[in-house]
There are 2 protein chains.
Amino acid sequence: MPPPVTLKSLAAATGFSITTVSRALAGYSDVSPSTRRLILEEAERQRYEPNLLGRLLQGQRSQTIAIVMPTSGPQFPDPFFAQFVAGVGVEAAHAGFDLLLSPQDDPSELAAYRRLVTGRRADGLLLIRTRADDPRIRYLAESGVPFVSFGRTESVAHTAWIDADGVAGQKALTQHLLELGHRRIAYITPPGGLMFTRFRLQGFHEALAEAGLAADPALIIEADLSEQAGKDAASLLLERPDPPTAIVAGNDQTAIGVMHAVRARGLRVGEDVAVGGYDGIPASEHLHPPLTTVYQPIFEIGQLAARSLLALIKAQSASSLPVLVQPELLARASTMGAAYLRGGEAPD
Amino acid sequence: MPPPVTLKSLAAATGFSITTVSRALAGYSDVSPSTRRLILEEAERQRYEPNLLGRLLQGQRSQTIAIVMPTSGPQFPDPFFAQFVAGVGVEAAHAGFDLLLSPQDDPSELAAYRRLVTGRRADGLLLIRTRADDPRIRYLAESGVPFVSFGRTESVAHTAWIDADGVAGQKALTQHLLELGHRRIAYITPPGGLMFTRFRLQGFHEALAEAGLAADPALIIEADLSEQAGKDAASLLLERPDPPTAIVAGNDQTAIGVMHAVRARGLRVGEDVAVGGYDGIPASEHLHPPLTTVYQPIFEIGQLAARSLLALIKAQSASSLPVLVQPELLARASTMGAAYLRGGEAPD
DNA sequence: CAAAGCGTCCAAAACGTTTTGGATTTGAGA
DNA sequence: TCTCAAATCCAAAACGTTTTGGACGCTTTG
């Protein structure tokens with residue numbers, strides 16, 4: 001293991017002071033051209049790489065943004081979180097920032113956030129899965145650390161957030177089903193407390209109301225965002241004496257479970273029962289039948305969130321503007337049946 | 001923004017020196033019980049969190065492991081990398097380590113690795129996508145930093161690695177096709193240079209050889225691991241005067257492209273042409289038809305890799321044992337056709 | 001001729017932590 | 001009373017960097 005190359009060793013080798021070496025490398029003007037040349041040559045020769053820690057310690061900046069990652073449950077491996085992280089990572093990289101994934105066992109605990117904030121491990125934080133009353137946001141707002149949340153909140157007034165328009169998305173999907181003639185539409189809602197759950201439900205109700213209909217409370221079931229939960233919820237719905245003709249799931253994963261349940265009862269997805277998902281994960285297009293869903297550009301949202309956070313960090317104070325991204329309805333065979341295959345969007 | 005809580009502020013608040021505060025918190029025995037109690041109470045009250053940078057700079061551990069993440073191309077969002085990172089993250093969290101995703105623009109550049117190593121930002125590194133001659137591994141081995149690679153190499157003799165047995169996996173899949181009576185089996189191989197490409201190809205050849213067959217070079221095409229590349233490669237293969245009866249793709253993504261190409265020619269996947277994938281991503285089960293593939297437990301491999309690396313870091317020198325994980329053949333309808341649906345493994 | 005300006009350079013401080021090498025006090029034993 | 005060891009504490013150094021506030025010698029300006 002070779003000895004580390006530092007400003008000190010360069011200073012010793014060139015005969016100048018550490019200060020002059022530092023300023024020569026940084027491009028300050030109070031270094032004579034000949035001195036600068038000598039120092040640059042020596043730095044090149046010894047393959048000098050500045051020690052990030054020394055630099056950061058001095059400047060109180062870590063060139064790092066952090067995301068607290070839930071370790072309980074299969075949250076991370078899901079395409080949703082992964083795509084978000086990827087978007088953030090790409091954008092952070094572009095600005096020369098690293099991305100710290102900090103584990104979090106208990107989602108309700110603030111310990112992980114405290115560690116990051118007071119330990120100065122990160123210059124800014126990204127939040128995900130916001131709640132109406134979110135202690136994390138209250139804490140971060142109070143601590144003054146730059147942060148951006150993916151999702152809105154009611155905890156604090158003026159925070160930077162980016163969100164996909166759940167009202168519009170769910171409304172579009174529901175209207176699509178109404179236009180196809182469905183009147184008994186079931187809705188498998190994500191867990192309560194989460195902000196996006198509320199917006200989605202609002203979009204669902206708005207679409208029905210505008211069509212002069214009221215939602216049947218018996219057709220609204222809460223389930224978590226897993227395939228199994230979707231299967232169970234759909235089974236319950238289909239066992240009713242008056243089963244729904246369409247089932248909307250909380251996300252695509254859940255929708256896959258719903259499709260299984262439908263087939264298990266000998267019914268055809270897209271013909272006997274329409275099924276809708278949410279998120280538009282890549283696999284949704286390749287399901288059998290292809291799944292009607294609402295596409296959210298998660299990767300891009302991650303990029304926007306990172307960009308927003310980096311601006312906050314740079315500005316050091318000014319709050320950045322909230323961003324509401326519009327999702328896109330992808331109508332496919334799981335709701336349109338044979339009409340989809342006859343239509344323009346052939347698989348090949 | 002409240003003033004930062006440091007050893008200094010705790011020292012000022014309690015009236016002891018910085019040294020004593022540090023040693024009290026670290027649990028040294030040369031601090032009287034009453035003093036320790038006072039200091040711990042004050043630390044608790046002010047919610048002290050050690051500053052990582054200071055600690056790091058001093059020469060201690062960073063409690064962080066790093067993965068260099070490729071930002072070019074859609075590498076990260078793919079389920080493969082995401083699952084690996086998730087496994088690493090969970091295991092790191094269990095040991096109280098954070099996970100640093102360090103961006104890497106140009107995969108051939110060592111800059112990102114140098115930054116991590118010389119900047120002492122991470123106690124250890126994880127590598128992915130190894131090559132036979134891998135400059136990253138040579139550099140890391142030379143620098144003496146603990147690291148574990150997912151995939152083997154020929155660059156350096158004794159390194160810690162974990163890998164899935166590509167020879168066995170590809171061999172099992174090929175044998176499966178041979179047993180179904182296929183004799184003209186095409187193989188769409190991943191890009192050359194990567195270690196796993198070589199092992200997979202070896203498994204393919206071994207299976208054929210043991211059946212007394214030789215591979216037809218015209219049926220082996222190199223393509224990158226994308227859906228489009230699979231489509232293009234399969235189209236080429238199917239246009240031949242003597243088309244293959246089975247096509248094995250480099251991964252599931254590529255296999256999806258192959259399936260599209262098969263259908264585009266009016267052929268039925270699993271009946272007219274058998275299609276095989278690799279990796280066993282969750283979506284593979286829900287494709288139409290369900291995809292025969294070789295399941296690699298990526299999440300668990302991530303966990304094992306992290307555990308291995310953490311052991312290396314702890315031991316500070318001893319090299320950990322290589323681990324070869326056995327993949328599992330998942331035979332489904334894309335090769336077995338109707339036989340699959342009649343068989344035991346019904347979809348529901 | 002004194003003052004001011006300019007071009008170069010550098011010592012020292014600061015960031016927050018851990019560790020080294022004592023210093024001081026206390027109490028016991030001689 | 002004196003010595004010695006244990007118990008308790010702390011000043012200072014070290015990690016590598018950037019920044020502050022000059023110093024020094026020379027030239028130009030008033």
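Hydrogens, waters and symmetry mates are skipped; everything else that's a heavy atom, side chains included, is used. Just so it is clear: chains get the letters A, B, ... in the order the sequence lines come, proteins before strands, and each one is counted from 1.
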Once you round it to whole Å, what is the distance between P of C:dT18 and CG of B:N51?
10 Å
So, for B:F84 and B:F299, is the gap between ring centers shorter than 6.0 Å?
no
Within this structure, what is the CG-to-P distance between A:L57 and C:dA14, rounded to whole angstrom?
14 Å
Among C:dT19, C:dT18, D:dT17, the one nearest any side-chain atom of A:P50 is D:dT17
B:Q58 (side chain) and C:dT17 (base): donor-acceptor pair under 3.5 Å:
no
Return yes if the base of C:dA11 and the side-chain atoms of A:T19 contain a donor-acceptor N/O pair under 3.5 Å, otherwise no.
yes
Grab the NZ-C1' distance between B:K8 and D:dC10 for me, whole Å please.
16 Å
SB check B:R136 B:D134 (cutoff 4.0 Å):
yes
B:E41 and B:R37 ion-paired at < 4.0 Å:
yes
More 5' along DNA chain D: B:P33 or B:G54, using each one's nearest nucleotide?
B:P33
Nearest-angstrom distance from the residue atom CD of A:Q63 to P of D:dG16
20 Å
Can you tell me how far P of C:dG7 sits from CZ of A:R23, to the nearest Å?
14 Å
What is the separation between atom CZ on B:F16 and atom P on D:dA11, rounded to the nearest whole Å?
13 Å
To the nearest Å, how far apart are A:I39 CD1 and C:dC10 P?
8 Å
When rounded to the nearest 0.5 Å, the distance separating CG of B:L116 from CG of B:D123 is 11.5 Å
Considering only D:dT17, D:dC10, C:dT19, which nucleotide approaches the side chain of B:S17 most closely?
D:dC10
Please give, in whole Å, the distance from D:dT17 C1' to A:E49 CD?
15 Å
The side chain of B:D30 lies closest to which of these nucleotides: D:dT8, C:dC10, D:dT17?
D:dT8
Nearest non-hydrogen partners of A:G96 and A:Q63, listed with the distance
O-NE2, 3.6 Å
Mind checking if A:L53 touches a base, just sugar-phosphate, or nothing, with heavy atoms under 4.0 Å?
nothing
Base D:dA7 to side chain B:S29, donor-acceptor N/O within 3.5 Å cut-off:
no
